[in-house]
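Right, one structure below, let's go through it.
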Amino acid sequence: MNELELSERCRQGDNRARKELYEQYAGRMLGVCLRYAGDRDMAQDLVHDGFLKIFDSFDKFTWRGEGSLRAWMERVMVNTALQFLRKNDVMNQTTALDEVPETYEEPDASAVEAIPQKVLMQFINELPAGYRTVFNLYTFEDKSHKEIAQMLGINEKSSASQLFRAKSVLAKKVKEWLVTNG
């Protein structure tokens, strides 16, 4: 079943279409939620909650061509994860400032490309929740600091600061990995 037919049948409440939608996209949506949750169990809970929201919100979905269903679902998942993070006040749970360097040197891009994607994603998962959230929104969702601040209920400078700290921690982990494995 193509995206358009799948979305129309889900809109009509067809449980077989809903099952197919879940089976087709659950893995990808889990990846989205893992970027924000930090652990697999929480990510699976977020996927479950996200799919419930998706099934209840098909009246808000507008077909805009191939890929629009997946993009809409990813937006629902990101919003579900952000809602969880705000509810649990993770943006105010930070790492002590002395653990983060004042400046950092970005690793060489070609060296970073040598690191397996799974390892890089693990490094991102290990970031404190606030750093990870801002990093993901900025890097993967292409949001500005102004947009991130509005989404998370923080000020723009906090967003920029958390992104800087996330990049600092990641740069350190990348350098350590390259020394050990490079």
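In what follows, every heavy atom counts, from backbone to side chain, and hydrogens, waters and symmetry copies are set aside. In this chain, residues are counted from 1 in sequence order.
Of the possible donor and acceptor atoms, none in the side chain of Arg11 sits under 3.5 Å from a partner among the backbone N and O of Leu6. For Arg132 (side chain) and Leu127 (main-chain N/O), a donor-acceptor pair under 3.5 Å exists by modelled atom type. Side chain of Arg9 to main chain of Asp14: no donor-acceptor pair is present (N/O by atom type, distance under 3.5 Å, no hydrogens or angles). Under the 3.5 Å distance criterion, the side-chain polar atoms of Ser57 are left unmatched by any main-chain donor or acceptor of Ile54. Between the Ser68 side chain and the Gly65 main chain, a donor and an acceptor come within less than 3.5 Å of each other.
Closest heavy-atom contact between Ala43 and Ala37: N-CB, 3.6 Å. Nearest heavy atoms, Met77 versus Cys33: SD-SG, 3.9 Å.
Interatomic distance, CG of Leu82 versus CG of Leu137, reported as 5.0 Å (0.5 Å rounding). To the nearest 0.5 angstrom, Glu3 atom CD is 11.0 Å from Cys10 atom SG. The CZ atom of Phe123 sits 5.5 Å away from atom CD1 of Ile115, with the distance rounded to the nearest 0.5 Å. In this structure, Ser7 OG and Leu69 CG are separated by 5.5 Å, a value rounded to the nearest 0.5 Å.
Residues Glu8 and Trp63 form no side-chain contact, since every pair of their non-hydrogen atoms from C-beta on lies 4.5 Å or further apart. A 4.5 Å side-chain heavy-atom check between Lys167 and Phe164 finds every atom pair outside the cut-off. Looking only at side-chain heavy atoms (C-beta outward), Glu141 and Arg35 come within less than 4.5 Å of each other. Here the side chains of Thr133 and Gln162 are not in contact, with every heavy-atom distance at 4.5 Å or above. Between Met1 and Leu21 the shortest side-chain heavy-atom distance does not fall below 4.5 Å. Side-chain atoms of Arg165 and Ser161, non-hydrogen and from C-beta on, do get closer than 4.5 Å to each other.
Transitive grouping of hydrophobic side chains (ILVMFWY, heavy atoms separated by less than 4.5 Å) brings Val119 and Tyr131 into a common cluster. Side-chain heavy atoms closer than 4.5 Å link hydrophobic residues (I, L, V, M, F, W, Y) into clusters, and following such links, even through other members, never connects Leu52 to Val47.
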Intermediate values then yes/no, side chain to side chain contact (heavy atoms under 4.5 Å, CB included), Phe61 and Arg64: CA-CA 9 Å; Phe61 171 68; Arg64 292 190 171 99; over 6 Å; no

With side chain to side chain contact (heavy atoms under 4.5 Å, CB included) as the test, would you mind laying out the steps for Phe135 and Leu170 before giving the verdict? CA-CA 10 Å; Phe135 180 83; Leu170 290 173; 3.6 Å; yes

Decide yes or no on side chain to side chain contact (heavy atoms under 4.5 Å, CB included) for Met42 and Leu34, but give the supporting numbers first. CA-CA 8 Å; Met42 180 51 59; Leu34 271 169; over 6 Å; no

Working note: Glu5 + Asn2, criterion side chain to side chain contact (heavy atoms under 4.5 Å, CB included); need CA distance, chi angles, decisive distance, verdict. CA-CA 6 Å; Glu5 184 182 353; Asn2 68 30; 3.4 Å; yes

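The neighbour count for Asp39 CG, taken as heavy atoms of other residues, nucleotides or ligands under 6.0 Å away, is above 12.
Applying the salt bridge (charged side-chain N to carboxylate O under 4.0 Å, His left out) criterion to Glu23, with sequence neighbours excluded, gives Lys19. Applying the side chain to side chain donor-acceptor pair (under 3.5 Å) criterion to Arg28, with sequence neighbours excluded, gives Glu74.
Each of Asp45, Leu46, Asn79 was scored for a side chain to side chain contact (heavy atoms under 4.5 Å, CB included) with Phe84, with one residue passing: Leu46.
Annotation: salt bridge (charged side-chain N to carboxylate O under 4.0 Å, His left out) contacts involving residues 46-63, sequence neighbours excluded, are absent. Sorted by first and then second residue, the side-chain hydrogen bond (donor to acceptor under 3.5 Å, both in side chains) pairs involving residues 115-129 (not counting sequence neighbours) are Gln122-Glu126, Glu126-Lys173. Residue pairs that meet the ring pair (Phe, Tyr, Trp, His ring centres under 6.0 Å) test with at least one member in residues 4-36, sequence neighbours left out, are Tyr22-Phe51.
Comment: Glu20 does not engage Arg16 in a salt bridge, judged by the lack of any side-chain N to carboxylate O separation of less than 4.0 angstrom.
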Between side-chain atoms of residues 144-154 and protein atoms elsewhere (two or more places apart, or another chain), which donor-acceptor pairs fall under 3.5 Å?
{"from": "Ser144", "atom 1": "OG", "to": "Lys146", "atom 2": "N", "distance (Å)": "3.4"}
{"from": "Ser144", "atom 1": "OG", "to": "Glu147", "atom 2": "N", "distance (Å)": "3.1"}
{"from": "Ser144", "atom 1": "OG", "to": "Glu147", "atom 2": "OE1", "distance (Å)": "3.3"}
{"from": "His145", "atom 1": "ND1", "to": "Ser159", "atom 2": "OG", "distance (Å)": "2.7"}
{"from": "His145", "atom 1": "ND1", "to": "Ala160", "atom 2": "N", "distance (Å)": "3.4"}
{"from": "Glu147", "atom 1": "OE1", "to": "Ser144", "atom 2": "N", "distance (Å)": "2.7"}

